[in-house]
Chemist: 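Before we start, here is the structure in question, set down as structure tokens.
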Amino acid sequence: MTQASAAAERNKTASGWPAILQSGFRPFFLLGGLQASLFILLWTAGWAMGLDLPLGDSPILWHGHAMLFGFAAAALAGFLLTAVPNWTEAGPVRGFRLLLLVGFWLMAQILSLLPWAALFAAADVGFWLLLIAFIGPGILKRNARRNGVFVVILSALAGLNLLWHLSLQYGWQDMAMLSLQAALGLFLLAIGIIGGRIIPAFTIGGLLQAGHSVSIVPAPKLGLAANAALVAALAGKLAALPVQVQVGACLLAALLHGWRLLHWWRREVLQLPIIWSLHLGYAFLPLGFALEAAGAAGLVPGPTGIHALGSGGVGLMILAVMTRASLGHTGRRLAAPASATAAYLLVAAGALARVIAAAVPELAFGHLLLVASGLLWSAGFAAFVFGYARILILPRIDGRPG
């Protein structure tokens, strides 16, 4: 028996379940990466080749839902299911409960491609209710003051997801689009909160491991101000406040998140892909809000900022977190493999291409740039799945459960 097979047997025997069902990050990071790659490929092919897409009369609503309530939801679930046991000192969600949760999510992704709206809604809403039921009580009982905000975010996302389904049922397309915009705002808020905790900590840890002595002074008031400005900017847009208010709020959010990122930055970060990927992903937040301000002022097309915040901010930050967490929680050295570095570059290039294509739609090669952006972004997550599937499926290399 090989060392790997012996470890797998020990891990399975410890709980009766294979390694991939030992911790939430394993199935959700793997399936989330796969969904991101395949669904963006489908979206790109449908747009470029004129193929029929789900919700044929409103394919943009399907695309937005798939990226937020499918891909980003899987990543958030994987992160929280892994982090919450450490926050609350409660046992992890594993085995049958994890299988049930993954089953609801996976069924929702499949049904989103089929004309069975009621079943799709049932599976999709069921996933969010189960996720809240599995991790919410532990947070509220043992860790509400620090992390109760995540129960609020999850509950709001569940409500917005239900609103999206009801809006489609009753033909309220504008309301469905608003629910997606609000959901994007909540995911960005989660990134603002989580990023404020992990980016400085991981930057210090990574640089110390590489032999660089650094320190980053905590700046909690700056973090609170930046996230409050983020909420104000997105609320102003959703409420269609006067243009001057929207521009001012978005510029303030861009300034504060940019200031926050500069506070964390150290030039030695450039030596470590697993760290610079976090900084680069977060950099799309000030860029996105600056473009949102420009869009509100009529200087660039409206969707430009959304693409920077979505494909860049949400997409690259999720990828950066998944690649690092998957290594750390499987007992591996915290150094990005070649597949991770390639994934960072591909997703970042795809996001930038999408932003340029949105900002300058009159480009002669704009059509090709749009196609290239989708292919690059899809290829980035394919690289993640290719490089990390074995890591996520097999047990920890140190033989410990998890």
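Note that these values count all heavy atoms, side chains included, but never hydrogens, waters or copies made by symmetry.
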Chemist: Assess whether atom CG of Asp174 is packed by more than 12 heavy atoms of other residues, nucleotides or ligands within 6.0 Å.
Modeler: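 No, CG of Asp174 has 12 or fewer neighbouring heavy atoms, counting only those of other groups under 6.0 Å.
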Chemist: Just do the side-chain contact (heavy atoms from CB on, under 4.5 Å) check on Leu129 and Phe104 with the steps written out, would you?
Modeler: CA-CA 10 Å; Leu129 295 178; Phe104 267 82; over 6 Å; no
Chemist: Within the structure provided, determine whether Gln181 and Leu234 are in side-chain contact (heavy-atom separation under 4.5 Å).
Modeler: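 No; the side chains remain at least 4.5 Å from each other.
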Chemist: Closest heavy-atom contact between Ala183 and Leu160?
Modeler: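 Heavy atoms of Ala183 and Leu160 come nearest at N-CD1, 3.6 Å.
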Chemist: Determine yes or no for a side-chain-to-main-chain donor-acceptor pair under 3.5 angstrom, with Gln271 supplying the side chain and Leu207 the backbone.
Modeler: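 A pair under 3.5 Å: no.
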Chemist: Measure across Val300 and Leu291 and return the closest heavy-atom pair with its distance rounded to 0.1 Å.
Modeler: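 In terms of heavy atoms, the two residues are closest at CG2-O, 3.8 Å.
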Chemist: Assess the pair Phe381 and Trp377: is the distance between their ring centroids shorter than 6.0 Å?
Modeler: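 Distance test on ring centres: under 6.0 Å, yes.
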Chemist: Please report the shortest heavy-atom distance between Leu394 and Ala19, naming the atom on each side.
Modeler: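 Leu394 and Ala19 have their closest heavy atoms at C-CB, 3.8 Å.
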Chemist: Determine whether a donor-acceptor pair (N or O, by modelled atom type, separation under 3.5 Å) exists between the side chain of Ser179 and the backbone of Leu163.
Modeler: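 Checked: no pair found.
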Chemist: Would Trp264 and His279 satisfy ring-ring contact (aromatic ring centres under 6.0 Å, His included), going step by step from the backbone distance to the final call?
Modeler: CA-CA 8 Å; Trp264 300 328; His279 288 256; 7.0 Å; no
Chemist: Suppose the criterion is ring pair (Phe, Tyr, Trp, His ring centres under 6.0 Å): which pairs have a residue in residues 209-258, not counting sequence neighbours?
Modeler: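 Only His257-Tyr282 qualify under ring pair (Phe, Tyr, Trp, His ring centres under 6.0 Å).
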Chemist: Write down the atom of Leu80, the atom of Ile135, and the distance for their closest heavy-atom approach.
Modeler: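 Heavy atoms only, the tightest pair is CB-CD1, 3.8 Å.
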Chemist: Kindly compute the distance separating CZ (Phe127) from CG (Leu100), expressed to the nearest 0.5 Å.
Modeler: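 The CZ atom of Phe127 sits 11.0 Å away from the CG atom of Leu100.
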Chemist: Test ring-ring contact (aromatic ring centres under 6.0 Å, His included) on Trp62 and Phe120; report intermediate values, then the result.
Modeler: CA-CA 12 Å; Trp62 170 81; Phe120 173 30; 9.7 Å; no
Chemist: Would Ile397 and Thr330 satisfy side-chain contact (heavy atoms from CB on, under 4.5 Å), going step by step from the backbone distance to the final call?
Modeler: CA-CA 6 Å; Ile397 58 174; Thr330 56; over 6 Å; no
Chemist: Are the side chain of Arg142 and the backbone N or O of Pro137 linked by a donor-acceptor pair below 3.5 Å?
Modeler: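 Side chain of Arg142 to backbone of Pro137: no pair is present.
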Chemist: Over 60° means perpendicular and under 30° means parallel, so classify the ring planes of Phe187 and Phe69, tilted if in between.
Modeler: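 Geometry flag for Phe187 against Phe69: perpendicular rings.
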Chemist: Can you name the closest pair of heavy atoms from Pro337 and Leu327 and give their distance?
Modeler: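 Result for this residue pair: CD-CD1, 4.2 Å.
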Chemist: What pairs of residues pass the side-chain hydrogen bond (donor to acceptor under 3.5 Å, both in side chains) test when at least one of them lies in residues 298-313, not counting sequence neighbours?
Modeler: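 Only His307-Arg354 qualify under side-chain hydrogen bond (donor to acceptor under 3.5 Å, both in side chains).
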Chemist: Is there a side-chain contact between Ser23 and Pro92, using heavy atoms and a 4.5 Å cut-off?
Modeler: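 SC-SC contact between Ser23 and Pro92 ruled out.
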Chemist: Got a second to check how far Leu131's CG is from Leu81's CG, nearest 0.5 Å?
Modeler: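 The distance works out to 5.5 Å.
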Chemist: Heavy atoms, side chains only, cut-off 4.5 Å: are Arg146 and Ile139 in contact?
Modeler: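 Counting from C-beta outward, Arg146 and Ile139 never come under 4.5 Å.
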Chemist: side-chain contact (heavy atoms from CB on, under 4.5 Å) for Ile318 and Phe79? Distances and angles first, verdict last.
Modeler: CA-CA 9 Å; Ile318 284 176; Phe79 176 85; over 6 Å; no
Chemist: Would the distance check show the side chain of Gln22 and the main-chain N or O of Trp17 forming a donor-acceptor pair, the cut-off being under 3.5 Å?
Modeler: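 The answer is yes, because a donor-acceptor pair under 3.5 Å joins these two groups.
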Chemist: So His367 and Leu370, do their side chains get closer than 4.5 Å, heavy atoms only?
Modeler: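 Counting from C-beta outward, Leu370 and His367 never come under 4.5 Å.
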Chemist: Test Phe134 against Leu98 for side-chain contact (heavy atoms from CB on, under 4.5 Å), laying out the working first.
Modeler: CA-CA 9 Å; Phe134 287 163; Leu98 181 55; over 6 Å; no
Chemist: Measure the spacing between NE2 of His329 and CZ of Arg324 and express it to the nearest 0.5 Å.
Modeler: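 Atom-to-atom, His329:NE2 and Arg324:CZ are 8.5 Å apart.
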Chemist: Does any non-hydrogen side-chain atom of Ile356 lie less than 4.5 Å from one of Leu363?
Modeler: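 They are in side-chain contact.
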Chemist: Of all heavy-atom pairs between Gln246 and Lys237, which one has the smallest distance, and what is that distance?
Modeler: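 Heavy-atom minimum between the residues: OE1-CA, 3.7 Å.
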Chemist: Kindly indicate whether the side chain of Leu30, heavy atoms from C-beta on, has any atom under 4.5 Å from the side chain of Val385.
Modeler: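 A side-chain contact under 4.5 Å exists here.
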Chemist: Calculate, to the nearest 0.5 Å, the distance between atoms CD1 and CG belonging to Ile194 and Leu76 respectively.
Modeler: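 The distance works out to 6.0 Å.
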Chemist: Going from CG on Leu101 to CG on Leu130, what distance comes out if it is rounded to the nearest 0.5 angstrom?
Modeler: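 Reported value, rounded in 0.5 Å steps: 6.0 Å.
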Chemist: Take the angle between the ring planes of Trp105 and Phe28 and call it parallel below 30°, perpendicular above 60°, tilted in between.
Modeler: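 Judged by the thresholds at 30° and 60°, the geometry between Trp105 and Phe28 is perpendicular.
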Chemist: Would you compute the distance between atom CZ of Phe386 and atom CG of Leu34 and round it to the nearest 0.5 angstrom?
Modeler: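 CG of Leu34 is found 14.0 Å from CZ of Phe386.
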Chemist: Tell me if a side-chain donor or acceptor on Ser378 pairs with a main-chain N or O of Leu375 at a distance below 3.5 Å.
Modeler: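 Flag not set: sc Ser378 to bb Leu375 has no pair under 3.5 Å.
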Chemist: Is there side-chain contact between Ile216 and Trp265, with heavy atoms separated by less than 4.5 Å?
Modeler: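 Ile216 does not reach Trp265 side chain to side chain.
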Chemist: Does atom CE of Met177 have more than 12 heavy-atom neighbours from other groups under 6.0 Å away?
Modeler: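 Yes, because the 6.0 Å sphere around CE of Met177 holds more than 12 heavy atoms from other groups.
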Chemist: Do Ser155 and Ile132 have side-chain heavy atoms sitting under 4.5 Å apart?
Modeler: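 A side-chain contact under 4.5 Å exists here.
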